[in-house]
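The figures that follow rest on heavy atoms only: side chains count, while hydrogens, waters and symmetry mates do not. Nothing here was measured: the structure is a model prediction, and the numbers come from that model.
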Amino acid sequence: MATRANRQTEGGGILYVVATPIGNPNDLSARAIRTLAEVSLIACEDTRRTGQMLARHQIGTPTISHFEHNEERRVPELVERLKAGEKIALVTDAGTPAISDPGFRLVRAALEANVRVVAVPGASALIAALSIAGIPTDRFTFEGFIPARDAARSKALDELRRELRTMVFYEAARRVADTLAAMATAFGESRDAAVVCEITKTYERTIRGTLAELERHFRATPALGEIVIVVAGAPHQSDAAGVAIDVHQALEVLREAGLGLKQASAVIARLTGVGRREVYQDALKSRDDDSSDD
C-alpha cells in the first residue's frame with residue numbers, strides 16, 4: 001500500500017490546529033496564545049466568541065468565519081492562502097477543532113495540498129471527562145453525539161451493545177435522561193457509567209452510578225450545560241460466565257417462577273450485562289425453534 005508523506009517545504013504556509021478552553025478561560029496555554037498572536041489569520045467557528053477570547057489576551061489577529069454551514073466553500077480559499085505561504089490558526093468555540101466540531105475538511109484538504117499541519121494541543125472534553133470518570137481508560141472508543149431520534153438512537157446503541165471498550169459520548173443536556181434510558185435498554189440497567197456536567201466550569205460535577213440510577217437522577221434533576229457520558233464496556237464473556245452459564249436455562253427457571261418473558265429477559269440482562277433487547281430476541285427465537293420441533 002502506497003503512503004503519502006507531507007512534502008511541505010521550508011518557509012511554506014502552516015495550518016495550526018489550536019485547542020481553546022472548554023469552560024475555564026485559564027486553560028488556554030501559553031503556546032496557544034503565542035501562536036494565535038503570530039499567525040496572519042484565525043479561522044474560527046464564531047468570530048464574536050473567539051474575538052472575546054482574543055481581546056482577553058490582547059491579541060489583534062484578524063479572524064474569518066469557518067463553521068459547519070460554510071466549511072465547504074471556505075476550505076478552498078483557506079488552502080490557497082496556506083499554499084501561498086500564510087500561517088493560519090484553526091479554532092472552534094471550545095475544545096479541540098475537528099473533534100465533534102468543524103475542522104476535519106480543512107485539515108484533510110491542507111494535507112492533500114502538502115501544507116504542514118501542526119497541533120497546538122489543549123482542552124478536550126472527551127479526555128478531561130474520561131480522566132475523572134473512574135471507568136477503565138486503557139481502551140476506549142469515542143462515539144460523539146448519537147442520533148437524537150428514538151429509532152436511530154436505539155439502532156446506534158444496539159450496534160454498540162457488545163463493545164468491550166469504555167465508550168464516551170457527547171450529549172445535549174435536554175436529552176440526557178432519554179439517552180440514559182436508551183442506553184439502559186441496550187446495554188443493561190446495571191452497566192456502570194458516569195455523567196460529567198459543565199466540565200472545567202464553576203458548577204462542574206460528575207455523577208456516577210449504573211445507567212438505571214443515572215436515568216432516575218436526571219429525570220428528577222435536569223442537567224445543564226455541556227454533557228459527557230462515559231459508559232463501561234460490555235463485560236468479557238468470562239465475567240458473565242459465573243453469573244449465567246446457560247441463559248436459556250436461566251430463562252426457563254425464571255419463567256417457571258412466574259415471570260413473563262420480558263421480565264425474565266430484563267433479569268438476565270441485569271445479571272450478565274448483555275442488552276435486554278438481545279436477551280429477549282434470543283429468547284423469542286429459542287421459543288419459536290422449540291415450537292417448530294413439536
Side-chain angles (χ1 to χ4, degrees), residues 133-136 138-141 143 146-169 171 175-195 206-223 227 229-294:
I135 292 174
D138 54 334
R139 298 179 68 220
F140 63 91
T141 175
E143 299 298 326
I146 59 175
R149 294 183 180 276
D150 291 345
R153 178 173 55 201
S154 295
K155 182 176 184 296
L157 293 174
D158 196 50
E159 292 173 352
L160 293 169
R161 68 184 187 277
R162 295 181 186 274
E163 175 58 65
L164 298 176
R165 296 169 295 181
T166 294
M167 295 170 284
V168 186
F169 304 85
E171 188 52 284
R175 291 198 296 265
V176 169
D178 289 342
T179 294
L180 290 168
M183 287 177 171
T185 298
F187 305 147
E189 295 181 349
S190 62
R191 187 77 69 89
D192 286 334
V195 178
T206 303
I207 300 92
R208 302 174 180 84
T210 66
L211 288 170
E213 291 168 344
L214 290 171
E215 182 203 351
R216 287 194 294 272
H217 173 87
F218 285 101
R219 292 287 183 203
T221 309
I227 305 297
I229 303 175
V230 184
V231 183
H236 290 271
Q237 201 64 32
S238 58
D239 296 335
V243 177
I245 297 173
D246 188 329
V247 170
H248 296 299
Q249 185 178 10
L251 279 167
E252 287 180 11
V253 172
L254 292 172
R255 294 297 304 280
E256 290 172 1
L259 273 67
L261 190 58
K262 287 186 176 180
Q263 291 175 307
S265 298
V267 171
I268 296 298
R270 183 156 190 173
L271 288 173
T272 64
V274 178
R276 181 170 58 185
R277 179 177 302 171
E278 180 183 357
V279 176
Y280 181 66
Q281 292 299 328
D282 286 348
L284 285 177
K285 184 178 184 300
S286 177
R287 186 177 66 178
D288 292 342
D289 290 343
D290 291 342
S291 297
S292 64
D293 291 338
D294 292 340

> Among K262, E256, Q263, which residue meets the side chain to side chain contact (heavy atoms under 4.5 Å, CB included) test with L259?
Replying inline: Q263
> Checking side chain to side chain contact (heavy atoms under 4.5 Å, CB included) against L180, which of T210, T185, V231, L211 comes through?
Replying inline: L211
>> Using salt bridge (Lys or Arg N to Asp or Glu O under 4.0 Å), reason through D158 and K155 one step at a time and then give a plain yes or no.
In response: CA-CA 5 Å; D158 196 50; K155 182 176 184 296; over 6 Å; no
Testing the basics here: between [X] and [Y], what is the closest heavy-atom pair and its distance to 0.1 Å?
X	Y	answer
T166	P136	OG1-O, 2.6 Å
A182	R153	CB-NE, 3.9 Å
V176	A223	CG2-CB, 4.2 Å
P222	A220	CD-O, 3.6 Å
A194	T206	CB-CG2, 4.3 Å

>> If the condition is side chain to side chain contact (heavy atoms under 4.5 Å, CB included), which residues does R219 pass it with, not counting sequence neighbours?
In response: A177, D178, A181, E215
To the nearest 0.5 Å, tell me how far [X] [atom1] sits from [Y] [atom2].
X	Y	atom1	atom2	result
I229	I207	CD1	CD1	11.0 Å
R149	S154	CZ	OG	13.5 Å
I146	L157	CD1	CG	4.0 Å
L214	T179	CG	OG1	12.5 Å

> Is the backbone of A133 close enough, under 3.5 Å, to the side chain of R208 for a donor and an acceptor to pair up by distance?
Replying inline: yes
>> Any heavy-atom pair between the side chains of M167 and R191 that's under 4.5 Å?
In response: yes
>> Any non-hydrogen side-chain atom of F218 less than 4.5 Å from a side-chain atom of I227?
In response: no
